[in-house]
Structures are given as structure tokens and as C-alpha cells.
> 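Below is the structure I would like to discuss, written out as C-alpha cells.
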Number of protein chains: 2
Amino acid sequence: MSTEPPLFDLRSRPERRDAARNRELLLDAAHRLVDRDGVDAVTMDAVAAEAGVGKGTVFRRFGSRAGLMSALLDHGEARWQGRVISGPPPLGPGAPALDRLLAFGESRLERTLVSGDLMVAAAGRHGRSLPAVGFLVAHVRHLLAELDVTGDLPVLALSLLAPLDVAFVLPQLEAGVTRERILATWTDLVRRVVEAG
Amino acid sequence: MSTEPPLFDLRSRPERRDAARNRELLLDAAHRLVDRDGVDAVTMDAVAAEAGVGKGTVFRRFGSRAGLMSALLDHGEARWQGRVISGPPPLGPGAPALDRLLAFGESRLERTLVSGDLMVAAAGRHGRSLPAVGFLVAHVRHLLAELDVTGDLPVLALSLLAPLDVAFVLPQLEAGVTRERILATWTDLVRRVVEAG
DNA sequence: AATAGAAACGGACTGCGGTCCGTTTCGAAC
DNA sequence: GTTCGAAACGGACCGCAGTCCGTTTCTATT
């Protein structure tokens with residue numbers, strides 16, 4: 001998801017100081033541009049100019065526009081993941097698994113609505129980059145297991161996540177389907193799967 | 001006061017002859033390029049050159065690269081839709097609805113594998129263009145209704161189609177998930193939904 | 001402090017999607 | 001066959017993602 005190297009990797013030396021400073025400059029600049037002019041205005045040239053560095057540096061740090069967008073998305077995603085892992089129930093731990101799962105769906109849909117344009121911009125060649133959904137799959141899979149759902153849980157988890165993906169949610173909204181219908185149908189779908197064991 | 005054009009073709013006048021000829025030239029050229037060098041080699045300039053027309057003409061006919069790709073895809077999709085609507089069972093009519101639905105999933109997955117790269121190239125800004133999946137939704141919806149499945153069938157149908165979408169299938173294949181696992185899990189998912197009424 | 005080489009830098013350059021607009025072609029009406 | 005407005009044409013042009021490579025900066029080592 002993130003382009004930044006792990007904090008403790010024995011094989012790779014820590015980032016040079018100018019590189020680290022430029023990453024911060026670039027992320028700040030990109031964030032500012034998103035807030036001010038929207039995601040579409042975040043061109044690699046604009047980010048470079050706003051940060052006061054060369055364009056090559058942007059690509060060196062983030063690899064691609066999608067990579068930069070992923071890095072921007074990561075801030076929000078990490079906070080959200082925190083709420084899922086250790087926030088208050090029913091999204092966080094402490095509630096029955098089914099309640100958590102349904103709360104997860106609602107919360108995830110919410111995030112898709114809020115950050116949908118960033119998600120679209122962060123998507124690579126085809127849609128999702130599988131690493132990006134790793135957390136989502138792991139969590140749903142875990143809850144399904146707690147609910148004694150049998151089957152190929154990794155694939156099943158991804159199949160349940162697919163309808164909440166930005167690629168399906170946004171077109172439906174544009175076609176007049178409400179947020180509420182999408183959520184209700186997802187809830188319905190999950191209930192059927194869980195009830196069927 | 002001159003006489004007005006007939007009322008019945010207010011909306012769609014027939015295409016001018018040069019326009020029709022150029023569409024054919026362009027589709028042929030694009031098809032040739034796909035076969036020879038793959039989807040990625042099909043640039044708008046290349047198609048224009050191969051067809052011997054100007055680049056502006058390509059955009060005038062197809063609107064965008066995604067539009068051109070959709071047009072290419074349409075040939076195969078139409079043939080496939082024909083098999084669904086009036087081909088031999090269990091995909092076509094004549095088999096029980098559940099058998100048809102499961103055959104539909106297998107056949108659709110097949111098509112995704114065969115034409116995945118075209119589908120990716122035909123996808124617009126975000127993922128699906130909703131019109132493109134209209135047929136799929138309508139068909140699944142119809143089968144679900146026959147199976148006495150209740151609920152918000154249009155949204156439910158799309159939710160069941162999502163896991164078969166190229167945006168989810170291709171990354172899984174790259175991650176080592178087999179075609180068989182994807183299909184088996186989809187079958188499992190559909191069975192649970194149908195059994196839960 | 002000096003050095004050396006690895007890493008990062010920056011901006012010119014390429015290729016592609018998409019637009020624009022002056023020119024050409026079509027075909028309906030006379 | 002001539003006329004004329006609408007439609008189509010073509011290719012120069014633009015903006016952006018992504019690459020390349022000569023130059024600069026960092027840091028480990030002595």
C-alpha cells in the first residue's frame with residue numbers, strides 16, 4: 001500500500017535525510033492540493049511545483065500517481081483501521097461477530113463515500129491492488145470464521161467486499177441508487193451467508 | 001416554409017456514408033492491432049494510422065479509447081449474450097433457474113478470463129460503466145426472481161456480479177488464486193443466497 | 001577534514017489521450 | 001447539375017504520466 005520502506009529492514013539502510021524531508025514536503029503539498037482543488041488537480045507536475053522539488057523526485061518517491069494517491073489515502077485508512085481493530089464496538093472488538101461484521105460494512109461504505117475519488121485515483125492498472133485490500137479481507141475472514149462460516153474464506157471474504165468497492169458503489173449512486181439501498185442489500189447478503197453456515 | 005423532416009427519425013438519423021465506412025475501417029484496424037500486438041498496442045494514433053484516417057475521426061466515432069474498446073468488446077459480448085438468451089441449456093433457457101444461474105457464473109468467469117484485458121481497457125474513469133453491465137444485472141435479477149429470492153433484486157444482482165468482475169478476478173489470479181477456487185466460492189455464495197430465500 | 005561512491009535530484013524529453021478548428025465531403029432540395 | 005448547410009474530416013496542438021541521464025548531495029570511512 002505504502003511506498004515507504006519498512007522502518008526496520010536489515011537489508012536496506014534507512015532513508016537518506018534529504019529523501020525523507022522531500023517525502024514529507026511532497027505529501028504535504030499533495031494534501032494541500034487535494035483540499036484546495038480536488039483530486040483531479042493533483043498532477044505530478046503540480047505536486048512537484050507546490051513542494052518545490054523536481055518532478056523526477058516525485059516519481060522516485062512514489063513510483064506513480066497511483067502510488068502517491070495510495071500514500072495520501074494511507075493516512076485516513078490507518079486511522080480507520082485503528083477504529084476497526086481497537087475502537088469502540090460494534091465496529092471495534094467487544095460486540096458479537098455478526099454485529100461487528102454489519103458495522104464494518106456500514107463503516108466501510110461510509111469511507112468509500114468520503115474518499116471515493118482518492119480510491120479511484122489510487123487504483124492501478126485494473127481495479128484494486130490486492131495488497132490494498134489485505135486488511136479488509138483479513139478482518140472479514142476473521143469475523144466469518146468466528147461465525148462458523150465454512151468454505152474458502154479468503155475468496156469468500158473478497159467476494160463480500162466487492163459490492164462495497166468504489167468501482168461498484170459510485171456508479172450506482174450516479175444511477176440513483178441510494179446509500180441506504182446499497183447498505184441494506186449488503187446487510188441482507190451477509191445475513192444470508194452467515195445463516196447458511 | 002419548407003417541409004420538415006419526417007417525425008420518426010428525430011432522434012437518430014442514419015449515419016452518413018463516409019462515417020459508416022470509417023467506423024468499419026477503424027473497427028477492422030483496431031481488431032487487427034489487438035490480434036497482432038495485444039490490447040496495449042492499440043493506441044488511438046496507431047488505430048488511425050492503420051485505418052488510414054485522421055486521429056480526430058477516431059475520437060469522433062468512439063469518443064474515447066474506452067469507447068473504442070467497448071465497441072471491440074461488443075462483438076464478443078453480443079455473441080455471448082445470444083448464448084445466454086437463446087443458446088442451449090443450462091446456460092440458455094430450458095434448465096432449472098438455479099442451474100442456469102450457476103452456468104451463468106461459470107460462463108461469465110470464462111469470458112472474463114478470455115477478454116479481461118479488453119474489459120480493463122474498456123472500463124472508464126472508475127470501474128464499470130453501468131450500461132455495460134445492464135444485461136448482466138437484468139439476467140441475474142430475472143433468475144433470482146424465478147428462484148423466489150426476495151429483496152432489492154437489482155442491487156443484489158449487481159452484488160453477486162461484483163466478485164466475477166475483471167477488477168477482482170485478475171488480481172486474484174495474479175495472487176495465485178485459481179479459477180476453480182473463484183468459481184467454487186461464487187457457486188457457494190449463490191447457493192447460500194438462494195437457499196435463504 | 002578529505003574522499004569516494006551510492007543515493008537522490010531535477011528537468012528536458014517521449015508517448016499517449018484528448019481537444020480544436022479550418023477544410024472537405026456529403027446529400028437533400030431545387 | 002447546382003447550391004448550401006450540416007456533418008465529418010484531419011492533423012496540429014495541449015496537458016499529463018512516466019523515463020532518462022548528467023549533476024548534486026549525502027554519509028560512511030579514514
Side-chain angles (χ1 to χ4, degrees), chain A residues 3-5 9 11-27 29-30 33-34 37-72 120-125, chain B residues 1-27 29-30 33-34 37-72 120-125:
Chain A
T3 56
E4 84 193 59
D9 186 345
R11 328 179 143 253
S12 73
R13 290 216 308 275
E15 209 170 37
R16 247 171 61 169
R17 205 152 269 141
D18 52 347
R21 177 180 50 82
N22 280 339
R23 167 190 295 112
E24 287 311 310
L25 284 174
L26 286 165
L27 283 175
L33 287 175
V34 170
D37 304 318
V39 170
D40 286 350
V42 183
T43 69
M44 299 305 257
D45 287 284
V47 173
E50 176 84 15
V53 304
K55 183 183 190 174
T57 302
V58 190
F59 280 92
R60 166 171 289 272
R61 285 276 81 72
F62 298 103
S64 67
R65 189 180 124 101
L68 172 60
M69 296 307 189
S70 287
L72 285 184
V120 169
R125 191 72 174 70
Chain B
M1 288 266 201
S2 63
T3 53
E4 293 302 314
L7 290 175
F8 48 78
D9 56 18
L10 283 179
R11 275 271 147 226
S12 63
R13 277 211 309 283
E15 212 168 34
R16 242 171 65 170
R17 204 154 272 139
D18 51 348
R21 177 180 49 83
N22 279 339
R23 164 182 299 110
E24 287 311 311
L25 284 174
L26 285 165
L27 283 175
L33 287 174
V34 170
D37 304 319
V39 170
D40 286 350
V42 184
T43 70
M44 298 304 257
D45 287 285
V47 173
E50 176 85 16
V53 305
K55 183 182 189 174
T57 301
V58 189
F59 282 91
R60 165 171 289 271
R61 285 275 81 74
F62 299 102
S64 66
R65 189 179 123 101
L68 172 59
M69 294 308 188
S70 288
L72 285 184
V120 168
R125 190 75 174 69

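Note that this is a predicted model, so its numbers are computed, not measured. Lettering of chains follows the sequences in order, A, B, ..., and the numbering in each one begins at 1.
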> Taking CE from A:Met44 and C1' from C:dG10, how many angstroms apart are they, rounded to a whole number?
14 Å

> Can you tell me the distance, in whole Å, between the CZ atom of A:Arg61 and the C1' atom of C:dC9?
10 Å

> Mind checking if B:Arg21 touches a base, just sugar-phosphate, or nothing, with heavy atoms under 4.0 Å?
nothing

> Which sits closer to the 5' end of DNA chain C, B:Phe59 or A:Gly54, going by the nucleotide each is nearest to?
A:Gly54

> I need the CZ-C1' distance between A:Phe62 and C:dA8, as an integer number of Å.
14 Å

> Looking at D:dG18, I'd like to know if its phosphate oxygens (OP1 or OP2) sit under 4.0 Å from a side-chain N or O belonging to A:Arg60.
no

> Can you check the B:Arg23 CZ to C:dC26 P distance for me, whole Å?
17 Å

> Would you mind telling me which of D:dA17, C:dG17, C:dC9 lies closest to the side-chain atoms of A:Asp18?
C:dC9

> Can you tell me whether the side chain of B:Arg16 and the base of D:dA8 have a donor-acceptor pair closer than 3.5 Å?
no

> Of all the choices, C:dC9, C:dG27, C:dG17, which nucleotide is nearest to the side chain of B:Asp45 once you look at every atom?
C:dG17

> With distance as the sole test, does A:Thr57 use its side chain to make a donor-acceptor pair with the main-chain N or O of A:Val53 at under 3.5 Å?
no

> Side-chain contact test, heavy atoms from C-beta onward, threshold under 4.5 Å: evaluate it for B:Phe62 versus B:Leu27 and give yes or no.
yes

> Starting from C1' on D:dC16, measure out to CG on A:Leu33 and report it in whole angstrom.
15 Å

> Below the 4.0 Å mark, does D:dA7 have OP1 or OP2 next to a side-chain nitrogen or oxygen of B:Arg17?
no

> Which atoms form the tightest heavy-atom contact between A:Val47 and A:Ala29, and what is the distance?
O-CB, 4.0 Å

> Rounded to the Å, how far apart are A:Met69 CE and D:dC16 P?
12 Å

> Which one, D:dG18, C:dG18, C:dG17, comes nearest to the side chain of A:Lys55?
D:dG18

> Starting from C1' on D:dA17, measure out to CG on A:Asp40 and report it in whole angstrom.
14 Å

> From the set C:dG17, D:dC9, C:dG10, return the single nucleotide nearest to any side-chain atom of A:Thr57.
C:dG10

> Should A:Arg65 be listed as having a side-chain N or O under 4.0 Å from OP1 or OP2 of D:dG18?
no

> B:Glu15 and salt bridge (charged side-chain N to carboxylate O under 4.0 Å, His left out): which single residue from B:Arg21, B:Arg60, B:Arg61 fits?
B:Arg61

> Measure the spacing between CG of B:Leu68 and CZ of B:Arg65 and express it to the nearest 0.5 Å.
8.0 Å

